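Every value quoted in this text rests on a predicted model; they were computed, and no experiment measured them. In listed order, ligands and their atoms are each counted from 1. If you read the sequence from its start, that first residue is 1, and numbering goes on from there.
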Amino acid sequence: MKVPRVLAIGSSLLLVFGVIMTFNWMISRSLVYKMSGAAHRKHADLKNAIKRTSKPHPKRKKTTVQGKTRKLKQPVLKKQPRVTFDKLNSKNESGKSYLSLLDILKAKNQPKHGKNIFFLQTTGVQKEETLQLIKLTAREACAIESAALHNPGLTVFVLFAGATHRMYSGNPWIRSLNFYKNIRLRRLNLLRYAAGTPIEKWIKLGKIYKSKYIFPHASDLLRYLTLYKYGGIYLDLDVVVLRSLEKMPPNFTGAETSKSLACGVMKMSSTGEGHQIAALCLQDLQANFNANNWGSIGPAVITRVAKKTCNTTRIQAMIDKPSHCKGLTVFDAKAFYAIPWRQWMDFFRSSSLNKTLKATSNSYVIHVWNKFSKFQRLRAREITAYTKYARTNCPRAFAAAGDFF
Ligand SMILES: *[C@@H]1O[C@H](CO)[C@@H](O)[C@H](O)[C@H]1NC(C)=O
Ligand SMILES: *[C@@H]1O[C@H](CO)[C@@H](O)[C@H](O)[C@H]1NC(C)=O
Ligand SMILES: *[C@@H]1O[C@H](CO)[C@@H](O)[C@H](O)[C@H]1NC(C)=O
Ligand SMILES: *[C@@H]1O[C@H](CO)[C@@H](O)[C@H](O)[C@H]1NC(C)=O
């Protein structure tokens, strides 16, 4: 009975082989499942970010659960939203992908003279560039979105002086900016950016990098430098734009109080007097910079320059008689700073809603004083002046933020 023995050995070998193959197949199946699940969760995150859900914090966990249940119903990934940011996609060894921000000086789409809105994010600025991911809060994304939404004829540049990359799938409110064709995220290196401008030499001295307040000081400096280089509108990241700024006069700034102008909302033209004003600001800044004084080169710069340009020390006189200011328009506080910084809480309290809406009803922009308000947690469903304005002027960022804004 030799034949059956050979058969028995052969068949048991076959059996073992079969078991191994089946096992392998099962493992690969479960991996595929896991992977498609991850892709789906990502997609669901995105959809949830767009569709406002009112689930309690923490929102990330909830959307993941929803993504899982939805998986069975719609197994095919829908089209991702169009990515408008110029991108150089680089895969990291760790498998995470980053998009490197284009350098503003090298990017193909350069700012057009005067047709720009600029935001500046200077966190992490240093002499030598290092890989840093962009950070924007939901409120900052709101400022950017509101500017893009109300000014389709202008290009919104968000300039990062420290950050160099963004996550391919960053947080939902950053992704929500992808929907606007007129937003560009760019990076810059201060030394190279200042080349060929009146402040080049001074930057090379390196004083700014030794400042006790380097991030705010770099932001002060860069706003005047950017307006000098390209012309256009500069906006702080703690604003909400309420209406179009496209028909605003060619050179303007706003009063904050009866004694001081502010520099959170300004426009200067890239030629003529406006350019001259920006040049004067750069001069003033070098003369008055103090590494140990937070306020040495912010609003103080434009206030001093306007006093000189308008030949008056009285802010009200600048507002009343624009003809004395060589084409620099000075708006009164209602335009951009209707709520003074001491009352910043008014934006965040429902009891101040009516009063605040009334005070800002003719404003172009509200300025919410991030320096004080950034620690103020705010429930998105609370009815305050800030949530009310955000809901209509930055609908996507607001929705993407989740329960807290
Ligand atoms: C990947 O990450 C490491 C540190 O985690 C960083 O040094 C490297 O530059 C990154 N690569 C890319 C292409 O972003
Ligand atoms: C500036 O104003 C003063 C009076 O307040 C006047 O005497 C002077 O001529 C003015 N200068 C210019 C350049 O207009
Ligand atoms: C502001 O900008 C314009 C446009 O470049 C410039 O020619 C002018 O001198 C400034 N003032 C006014 C009123 O246009
Ligand atoms: C705010 O105004 C609305 C109507 O415009 C009114 O119903 C509401 O009571 C007011 N709220 C406060 C706190 O005054």
Side-chain angles (χ1 to χ4, degrees), residues 52 54 142 146 198 224 228 240 242-243 249-261 266 268-269 271-288 299-335 337-369 372-373 376-395 398 403-405:
R52 174 140 187 76
S54 46
C142 176
S146 67
Y224 296 114
Y228 177 87
V240 181
L242 308 183
R243 62 192 83 236
N251 324 294
F252 72 76
T253 186
E256 185 182 331
T257 65
S258 60
K259 298 212 169 59
S260 170
L261 302 181
M266 299 187 288
M268 293 177 197
S269 64
T271 55
E273 278 305 326
H275 195 238
Q276 197 52 39
I277 289 166
L280 288 173
C281 289
L282 290 179
Q283 265 175 30
D284 180 283
L285 194 148
Q286 295 175 49
N288 292 290
V301 169
I302 188 69
T303 304
R304 281 187 295 257
V305 168
K307 282 179 178 172
K308 240 181 262 169
T309 305
C310 309
N311 192 26
T312 178
T313 52
R314 289 181 53 240
I315 304 296
Q316 195 58 44
M318 299 175 189
I319 299 168
D320 294 341
K321 297 215 174 78
S323 57
H324 288 194
C325 289
K326 298 179 184 142
L328 175 70
T329 306
V330 178
F331 283 93
D332 70 10
K334 287 208 174 69
Y337 314 98
I339 305 297
W341 68 264
R342 282 175 215 280
Q343 279 155 250
W344 65 267
M345 267 299 287
D346 285 356
F347 284 117
F348 298 84
R349 255 194 314 235
S350 43
S351 58
S352 313
L353 174 67
N354 288 359
K355 177 179 107 179
T356 309
L357 290 183
K358 190 156 174 248
T360 53
S361 61
N362 289 319
S363 297
Y364 288 93
V365 160
I366 55 163
H367 189 278
V368 302
W369 310 108
F372 309 101
S373 63
Q376 181 69 23
R377 296 247 293 164
L378 181 63
R379 280 186 180 280
R381 67 173 178 299
E382 216 169 304
I383 310 293
T384 67
Y386 191 39
T387 51
K388 219 168 154 65
Y389 280 135
R391 201 181 289 273
T392 49
N393 297 288
C394 60
F398 184 71
D403 298 306
F404 288 89
F405 187 67

Below 30° counts as parallel, above 60° as perpendicular, anything between as tilted: where do the rings of Phe405 and Tyr386 land? tilted

State whether the shortest distance between N or O atoms of Asn354 and N or O atoms of ligand 4 falls below 3.5 angstrom. yes

Nearest 0.5 Å, what's the CD1-CG distance between Ile302 and Leu328? 6.0 Å

When you measure from atom 4 (C) of ligand 2 to the protein, is at least one non-hydrogen atom found at a distance under 4.0 Å? no

Using protein heavy atoms only, decide if any is under 4.0 Å from atom 7 (O) of ligand 4. no

Less than 4.0 Å between atom 11 (N) of ligand 4 and some protein heavy atom, yes or no? yes

Taking atom types as modelled, find out whether Thr384 and Thr387 have a side-chain donor-acceptor pair closer than 3.5 angstrom. yes

Of all the atoms in ligand 2, which lie at a distance below 4.0 Å from a heavy atom belonging to Asn311? 1 (C), 2 (O), 3 (C), 8 (C), 10 (C), 11 (N), 12 (C), 14 (O)

Taking atom types as modelled, is there a side-chain donor on Thr360 or Tyr389 under 3.5 Å from an acceptor on the other? yes

When rounded to the nearest 0.5 angstrom, what distance separates NZ in Lys259 from CZ in Arg314? 12.0 Å

